[in-house]
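One structure is given here, and the rest of the page talks about it.
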Amino acid sequence: MSPVRDPRTTPARPDLAAAHLRGLVEAERFADPTETMVCTPVAPMSGTPDGTAAMTSQLLFGERFTVYDSDGQWAWGQSDLDGYVGYVPRSCLDDPAALGVPEPTHRVAALSTHVYAEPHFKARPGAALPAGARIAVTGERDGFGALGPGGFAPLCHLTPLETPAPDWVAEAERFLGVPYLWGGRSATGLDCSGLVQLSLQAGGHDCPRDSDQQEAALGRPLAARERLARGDLVFWKGHVGVMVTGARLLHANIHHMAVAVEPLSDARQRIREKGEGTVTSRRRLETTAA
């Protein structure tokens with residue numbers, strides 16, 4: 001019997017599957033990969049090719065997306081960053097090889113940054129790129145980075161990909177007050193697991209997309225006698241937050257409809273009283289928050 005595969009990270013449908021899954025899954029046909037790059041600041045991902053469907057996640061500018069099927073309007077495939085599978089509007093994707101776009105060298109470290117036509121703060125801005133977006137800096141001029149796709153961004157808003165943020169929890173704290181958004185992965189809107197993922201990725205750590213995947217993959221479980229500390233993750237069924245002290249929890253949540261900090265005891269009581277369960281685990285990551 002073939003192993004059970006998570007459909008969220010397995011590029012397989014009854015009618016089509018990725019070629020590398022031949023012999024591992026059943027499908028009517030198999031497709032070779034086509035590498036694409038996100039060319040819009042944020043690209044929505046959904047579980048069906050439907051512009052009114054709920055988002056399951058978002059892709060950010062410069063992230064790679066492997067396409068296995070496309071009808072011209074929708075592309076179905078898998079995120080290279082976290083393996084998440086879904087449908088993305090084809091208009092949000094470009095072929096980096098055909099365009100001659102160099103590989104990303106930097107990520108946006110500010111909550112967002114503007115791309116200018118000229119390297120001057122008075123120039124009219126074009127797109128605004130979110131934290132975590134990946135871009136190629138091909139040169140420097142007057143405090144701006146010249147971008148591979150064209151345009152200029154302030155160098156103070158960028159950091160090399162090989163230079164992770166030293167404190168991923170501090171990265172999470174920067175999103176305080178950002179609106180809650182189901183499926184959100186940017187400073188314009190975050191869900192609980194998107195906050196944890198984006199912050200850990202800024203710190204140079206791999207992180208799955210959904211809270212149950214994070215609970216299964218990240219860190220080690222804390223024993224009952226171990227006290228919580230900064231950087232520990234607290235999980236409920238379908239929810240996750242990060243401790244900023246031994247007693248205060250930072251999380252993107254529906255109650256506040258925002259990223260908020262509150263006493264863990266308050267969050268536990270409210271979630272329990274709403275019938276949404278108790279804490280399922282507390283986990284400590286290998287990395288230590290500063």
Step-by-step side-chain contact (heavy atoms from CB on, under 4.5 Å) determination, Asp80 to Glu63: CA-CA 7 Å; Asp80 288 11; Glu63 292 182 352; over 6 Å; no
Gln214 side chain to Pro208 backbone, donor-acceptor under 3.5 Å: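 Yes; at least one donor-acceptor contact below 3.5 Å.
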Flag, side chain of Asp50 to backbone of Thr52, donor-acceptor distance under 3.5 Å: yes
Using the rule that two of Ile, Leu, Val, Met, Phe, Trp, Tyr join whenever any of their side-chain heavy atoms come within less than 4.5 Å, decide whether [X] and [Y] are in one cluster.
X: Val88; Y: Tyr68; value: no
X: Val259; Y: Val244; value: yes
X: Phe152; Y: Val115; value: no
X: Trp182; Y: Met257; value: yes
X: Tyr84; Y: Trp76; value: no

Residue pair [X] / [Y]: nearest heavy atoms and the distance that separates them:
X: Ala223; Y: Arg282; answer: O-NH2, 2.8 Å
X: Val108; Y: Pro130; answer: CB-O, 3.3 Å
X: Gly231; Y: Leu285; answer: O-CD1, 4.3 Å
X: Val178; Y: Ser186; answer: CG1-O, 4.1 Å
X: Gly83; Y: Gln78; answer: O-NE2, 2.9 Å
X: Glu171; Y: Ala202; answer: OE1-CB, 3.8 Å

Can you find a pair of side-chain heavy atoms, one from [X] and one from [Y], that are under 4.5 Å apart?
X: Val240; Y: Val234; result: no
X: Val67; Y: Trp74; result: no
X: Thr159; Y: His106; result: no
X: Tyr116; Y: Pro154; result: yes
X: Cys92; Y: Pro44; result: yes
X: Met243; Y: Leu264; result: yes
X: Leu111; Y: Arg174; result: yes
X: Val169; Y: Ser199; result: no

In Å, rounded to the nearest 0.5 Å, how long is the span from [atom1] of [X] to [atom2] of [Y]?
X: Leu195; Y: Leu250; atom1: CG; atom2: CG; result: 5.5 Å
X: His205; Y: Trp168; atom1: NE2; atom2: CH2; result: 8.5 Å
X: Cys207; Y: Leu218; atom1: SG; atom2: CG; result: 4.5 Å
X: Ser265; Y: Leu249; atom1: OG; atom2: CG; result: 10.0 Å
X: Leu200; Y: Leu233; atom1: CG; atom2: CG; result: 7.0 Å
X: Asn253; Y: Asp191; atom1: CG; atom2: CG; result: 11.5 Å

Pairs where residues 251-274 contributes a residue and the test salt bridge (Lys or Arg N to Asp or Glu O under 4.0 Å) is met, not counting sequence neighbours: Glu262-Arg270
Glu215 versus Ser281, side-chain donor and acceptor atoms under 3.5 Å: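 Their side chains do contain a donor-acceptor pair, which is all the 3.5 Å distance test asks for.
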Ser46-Thr48 side chain donor-acceptor pair, cut-off 3.5 Å: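 Side chains of Ser46 and Thr48: no pair found under 3.5 Å.
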I'd like a table of donor-acceptor pairs (distance under 3.5 Å, sequence neighbours excluded) in which one partner is a side-chain atom from residues 133-150, with atom names and distances.
| unit_1 | atom_1 | unit_2 | atom_2 | d |
| --- | --- | --- | --- | --- |
| Thr138 | OG1 | Ala146 | O | 3.2 |

Step-by-step side-chain hydrogen bond (donor to acceptor under 3.5 Å, both in side chains) determination, Thr66 to Glu35: CA-CA 5 Å; Thr66 301; Glu35 297 301 322; 3.1 Å; yes
side-chain hydrogen bond (donor to acceptor under 3.5 Å, both in side chains) involving Thr36 - partner list, sequence neighbours excluded: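 side-chain hydrogen bond (donor to acceptor under 3.5 Å, both in side chains) check on Thr36 returns nothing, list empty.
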Stepwise salt bridge (charged side-chain N to carboxylate O under 4.0 Å, His left out) check, Arg284 with Asp232: CA-CA 5 Å; Arg284 181 160 294 166; Asp232 289 340; 2.8 Å; yes
Over 12 non-hydrogen atoms of neighbours within 6.0 angstrom of CG in Asp206: no
Over 12 non-hydrogen atoms of neighbours within 6.0 angstrom of CD in Glu162: yes
Pairs under 3.5 angstrom only: tabulate donor-acceptor contacts from the side chains of residues 7-22 to other protein residues two or more places apart or in another chain.
| unit_1 | atom_1 | unit_2 | atom_2 | d |
| --- | --- | --- | --- | --- |
| Arg8 | NE | Asp6 | OD1 | 3.0 |
| Arg8 | NE | Asp6 | OD2 | 3.2 |
| Arg8 | NH1 | Asp210 | OD2 | 3.0 |
| Arg8 | NH1 | Asp212 | OD1 | 2.8 |
| Arg8 | NH1 | Asp212 | OD2 | 3.3 |
| Arg8 | NH2 | Asp6 | OD2 | 2.8 |
| Arg8 | NH2 | Asp212 | OD2 | 2.9 |
| Thr10 | OG1 | Asp6 | O | 2.7 |
| Arg13 | NE | Asp15 | OD1 | 3.0 |
| Arg13 | NH1 | Asp69 | OD2 | 3.4 |
| Arg13 | NH1 | Tyr87 | OH | 3.2 |
| Arg13 | NH2 | Asp15 | OD2 | 2.9 |
| Arg13 | NH2 | Asp69 | OD2 | 2.9 |

Step-by-step side-chain contact (heavy atoms from CB on, under 4.5 Å) determination, Val38 to Thr40: CA-CA 6 Å; Val38 179; Thr40 55; 4.1 Å; yes
Of all pairs that satisfy ring-ring contact (aromatic ring centres under 6.0 Å, His included), the ones with a partner from residues 222-243, not counting sequence neighbours: Trp236-His239, His239-His251
Trace of the side-chain contact (heavy atoms from CB on, under 4.5 Å) decision for Leu81 with Arg64: CA-CA 7 Å; Leu81 193 62; Arg64 267 35 179 185; over 6 Å; no
Working for side-chain contact (heavy atoms from CB on, under 4.5 Å), residues Leu190 and Leu181: CA-CA 5 Å; Leu190 288 163; Leu181 178 65; over 6 Å; no
If you look only at distance, which donor and acceptor atoms sit under 3.5 Å apart when one is on a side chain in residues 54-61 and the other is two or more places apart or in another chain?
| unit_1 | atom_1 | unit_2 | atom_2 | d |
| --- | --- | --- | --- | --- |
| Thr56 | OG1 | Met45 | O | 3.3 |
| Ser57 | OG | Arg209 | NE | 2.7 |
| Gln58 | OE1 | Arg185 | N | 2.7 |

